A.B. asks: 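Below you'll find the structure I mean.
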Amino acid sequence: MTQTTASNPTDFIRDIIDQDIRTNKNAGRLATRFPPEPNGYIHIGHAKSVCLNFGLARQYQGTCNLRLDDTDPAGESMEFVDSIIRDVHWLGFDWEDRLFYASDYFEKLYLFAIELIKSGNAYVCSLSPDEIREHRGTFTEPGKESPYRNRSVEENLNLFERMRAGEFEDGAHVLRAKIDMAAANIVMRDPILYRIKREPHYRTETKWVIYPMYDFAHCLSDALEGITHSICTLEFENNRPLYDWIVGKLIPANRPKQIEFARLSVSYTVLSKRRLIELVQKGYVRGWDDPRMPTVTGMRRRGYTPEAIRKFCAQIGVAKNDNLIDVALLEHCVREDLNERAPRVMGILRPLRVVIDNYPENQTEDFDCANHPQRPEMGTRKVPFSRVLYIERDDFMEDPPKKYNRLAPGREVRLRNAYIIKFESMVKDEQSGELLEIHCTYDPQTRNAPPADGRKVPGVIHWVSAGHGVPAEVRLYDRLFNIEDPGSEEDFIKYLNPDSLQTVMTCHVEQSLKNAEPGSQYQFERLGYFCVDEDTGAGRLVFNRVVPLRDSWTKIAAGK
RNA sequence: UGGGGAAUCGUUCAAUGGUAGGACACCGGACUCUGACUCCGUCAAUCAAGGUUCGAAUCCUUGUUCCCCAGCCA
């Protein structure tokens, strides 16, 4: 039977499109759009929609427009438009010359509203906001008709024109569709189409004091652009009858099909715009691009790749079930991609000084190290080795537990890409008892070779030459929240993970990283994937840990 | 409570009247100069109860649970 694969995903939306193409609807044409409101940065949930809409266009040789749904000037700005453009491009998609703004349709939409008034399908209502709410009724009681519902076409036209002209205060009047105040679906109880709002718009500035509502602007924008399949999230299901009603009255020949799918939720993070804004504005994170944020810009800075995000979006699929995707799947996709492309290097987070007693004082050797164990075409690099090294503090234990195969008194380990060394002694601070350094000897026969006597040395640890390594700052990230579904908690702030950022200033990385490019990713062997942060420069090297390597040792250690 | 949706392994997506399958997670093993990668294996699900049928996750009936809607937000 049909298998779901990344290259050929199947889902209910594609089933609908296949059906439409088979029956030659829209002359076999497919047109979608990605319609964000520019009042925030886009996040992984938007990425799902981006991959869906642009992916569909790619798959069916159709088109996907980028449209800024900017019908409410409050909170919208060019900064957000710019970020959206940048982020969608970065994700790997292009809309050619089809960049649109709902605000470019304001004049057309106004004319459509006039048309609706003339056909007796819309009226100016002068109830106050409170009165409108009271008239709307409840889930179980029908609404009451507005006393202004039966104004003449002439009066409506006159009032609406004057609304536009700025003759009235905010809230004095609204334009409403005349549908059915007794409709079981509350959306259909004479929904508001236009409101007066004296708020400068980032694009039209002060030209307009009336703005169309989503329900009016969105469907008509779709129809105007010739969208065939208008894909949105589940909460708009109730609005579909209104979508169809409006287009049916105004552009009936060109009615897009609205299809709803479940929005994405990811465990241990929040995705609602309101909550994301709160994190930024109240300073719980450093900004929209904080590497802990699920925003596209945050993930980019963290070191996630577009390929990984696209893979993730393909893996999670598209359905109508409410979902909470395990963040482990996202991390899996990131590791899978970075494992392929990230060059290997060695870096020490928390150094422990090691002196190789039998290694000549002033000698240095350059070891050729593979940049990728499975991809020889990625080449090698020279890594200097000398008498004094740093190893990871965790790679030595005075009194190791069972199964610990790293360095300990009396033990040997392989230094990755170098020699096998053997523990000889340790030096502690006489007062505090703190371990200062350890002394080892090396086996000269074991450079790039197994021990001559056939003995087994299972442990392999990474190292950096103390005289050659470069100091660096490393930022370790953990999940932003410490409960699975913080988005479902009203007081989500109290579930913030206090340890979501750990800054380590003691790091030493191999010298090949001295001029590493900001934005580039590496695997620090045995530790994880790291990305050069943009704070790097002027003698400062800063890394973000993208994601740690899978680690079976901590599980073993925890179990014992 | 009226309306609109959704219920399948721990999580997620499939199976469109004919062997309930994949991915992630988990657990076990092989390999290993990364306790990584890779490979192999185990565990594990049809919301419930009836009905139709040779055969039901799928069709019918009745329930149950969860999500969305009473912004001049989108």
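By convention in this document, chain letters (A, B, ...) are assigned in the order of the sequence lines, proteins followed by strands, and residues within each chain are numbered from 1. Note that this is a predicted model, so its numbers are computed, not measured.
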A.B. asks: Taking the side chain of A/T138 as its heavy atoms from C-beta onward, which of B/C24, B/A14, B/A70 lies nearest to it?
C.D. replies: B/A70
A.B. asks: Would one find a side-chain N or O of A/T71 under 4.0 angstrom from OP1 or OP2 of B/C73?
C.D. replies: no
A.B. asks: What is the distance, to the nearest angstrom, from the CZ atom on A/F168 to the C1' atom on B/C72?
C.D. replies: 16 Å
A.B. asks: Please check: side-chain N/O of A/E510 versus main-chain N/O of A/M346, any donor-acceptor pairing under 3.5 Å?
C.D. replies: yes
A.B. asks: Going by atom types only, do A/T554 and A/D551 share a side-chain donor-acceptor pair under 3.5 Å?
C.D. replies: yes
A.B. asks: Between A/N185 and B/G2, is there a side-chain N or O to OP1/OP2 distance below 4.0 Å?
C.D. replies: no
A.B. asks: Indicate, with a heavy-atom threshold strictly under 4.0 Å, whether A/D170 touches base, sugar-phosphate, or nothing.
C.D. replies: nothing
A.B. asks: Mind telling me if B/G71 is syn or anti? Syn here is a glycosidic angle within 90° of 0.
C.D. replies: syn
A.B. asks: When we call it a touch if two heavy atoms are under 4.0 Å apart, what does A/Y194 touch: a base, just sugar-phosphate, or nothing?
C.D. replies: nothing
A.B. asks: Would you call A/F139 stacked on B/C69, i.e. ring centres under 5.5 Å apart with the planes less than 30° off parallel?
C.D. replies: yes
A.B. asks: Quick one about A/N482 and A/Y268 (side-chain donor to acceptor, distance below 3.5 Å, no hydrogens or angles considered), yes or no?
C.D. replies: no
A.B. asks: Between B/G2, B/G71, B/A25, spot the one nearest the side chain of A/A328, thanks.
C.D. replies: B/A25
A.B. asks: Roughly how far apart, to the nearest Å, are B/A23 and B/A14 at atom C1'?
C.D. replies: 11 Å
A.B. asks: If you compare every side-chain N and O of A/K555 against the phosphate oxygens of B/C26 (OP1, OP2), does one of them come in below 4.0 Å?
C.D. replies: yes
A.B. asks: State which of B/C13, B/A74, B/G2 makes the closest approach to the side chain of A/A184.
C.D. replies: B/G2
A.B. asks: When all nucleic acid strands are considered with a 4.0 Å heavy-atom cut-off, which category describes A/A182: base, sugar-phosphate, or nothing?
C.D. replies: nothing
A.B. asks: Any idea which of B/G4, B/C72, B/A6 is nearest the A/E237 side chain?
C.D. replies: B/G4
A.B. asks: Between A/D130 and A/H332, name the one whose nearest nucleotide on RNA chain B is closer to the 5' end.
C.D. replies: A/H332
A.B. asks: With heavy atoms under 4.0 Å as the rule, sort A/M213 into base, sugar-phosphate or nothing.
C.D. replies: sugar-phosphate
A.B. asks: Counting any heavy atom closer than 4.0 Å, what does A/I192 reach on the DNA or RNA strands: base, sugar-phosphate only, or nothing?
C.D. replies: base
A.B. asks: If we ignore hydrogens and angles and just use 3.5 Å, is the side chain of A/E340 paired with the main-chain N or O of A/E336 as donor and acceptor?
C.D. replies: no
A.B. asks: With nearest nucleotides of RNA chain B determined for A/I325 and A/N39 from heavy-atom distances, which residue corresponds to the more 5′ nucleotide?
C.D. replies: A/I325
A.B. asks: Does a side-chain N or O of A/N323 approach OP1 or OP2 of B/U12 to a distance below 4.0 Å, or not?
C.D. replies: no
A.B. asks: What distance, rounded to whole Å, do you find between the two P atoms, one in B/C67 and one in B/C73?
C.D. replies: 26 Å
A.B. asks: With the sugar-phosphate defined as primed atoms, P, OP1 and OP2, and the base as all remaining atoms, what B/S/- string results for nucleotides 35-44 of chain B, 5' to 3', for protein heavy atoms under 4.0 Å?
C.D. replies: BBB-------
A.B. asks: Should we count CD of A/Q19 as having more than 12 external heavy atoms under 6.0 Å?
C.D. replies: yes
A.B. asks: Would you indicate what A/R414 reaches in the nucleic acid, counting non-hydrogen atoms under 4.0 angstrom: base, sugar-phosphate, or nothing?
C.D. replies: base
A.B. asks: Could you check which of B/U12, B/G71, B/A70 has an atom nearest any side-chain atom of A/L324?
C.D. replies: B/U12
A.B. asks: Is any side-chain nitrogen or oxygen of A/R263 closer than 4.0 Å to OP1 or OP2 of B/G5?
C.D. replies: no
A.B. asks: Look at A/E392 together with A/R526 and state whether they make a salt bridge at an N to O cut-off of under 4.0 Å.
C.D. replies: no
A.B. asks: Using atom P of each nucleotide, how far apart are B/A6 and B/C43 to the nearest Å?
C.D. replies: 34 Å
A.B. asks: Could you tell me if the ring centre of A/Y529 sits under 6.0 Å from that of A/Y304?
C.D. replies: no
A.B. asks: Describe the nucleic acid contact of A/V457 in one word from base, sugar-phosphate, nothing, applying a heavy-atom distance below 4.0 Å.
C.D. replies: nothing
A.B. asks: Would you indicate which nucleotide in B/C73, B/C68, B/A7 comes nearest to any side-chain atom of A/E235?
C.D. replies: B/C68
A.B. asks: Looking only at the side chain of A/R416 (C-beta and beyond, no hydrogens), which of the listed nucleotides B/A14, B/C24, B/U34 gets closest?
C.D. replies: B/U34
A.B. asks: Taking atom P of B/U34 as reference, at what distance in whole Å does atom CG of A/N417 sit?
C.D. replies: 9 Å
A.B. asks: For B/U34, does either OP1 or OP2 sit under 4.0 Å from a side-chain N or O belonging to A/H462?
C.D. replies: no
A.B. asks: Verify the contact: side-chain N or O of A/K197 to OP1 or OP2 of B/C73, cut-off strictly under 4.0 Å; return yes or no.
C.D. replies: yes
A.B. asks: Can you figure out which of B/A74, B/C72, B/U11 approaches the side chain of A/Y214 most closely?
C.D. replies: B/A74
A.B. asks: Consider the side chain of A/Q315, meaning its heavy atoms from C-beta on, and name the nucleotide among B/A70, B/U34, B/A23 that approaches it most closely.
C.D. replies: B/A23
A.B. asks: Give A/L175 one of three labels, base, sugar-phosphate or nothing, depending on what nucleic acid heavy atoms sit under 4.0 Å from its own.
C.D. replies: nothing
A.B. asks: NA contact type, A/A418, heavy-atom cut-off 4.0 Å: base, sugar-phosphate, or nothing?
C.D. replies: base
A.B. asks: Take atom NZ in A/K422; do more than 12 heavy atoms of anything else shown fall under 6.0 Å from it?
C.D. replies: no
A.B. asks: Is there a donor-acceptor pair under 3.5 Å between the side chain of A/R263 and the backbone N or O of A/E235?
C.D. replies: no
A.B. asks: Please determine if A/R341 and A/D337 form a salt bridge, counting it only when a charged side-chain N lies under 4.0 Å from a carboxylate O.
C.D. replies: yes
A.B. asks: Would you mind reading off the distance between A/R136 atom CZ and B/G2 atom C1', rounded to a whole angstrom?
C.D. replies: 16 Å
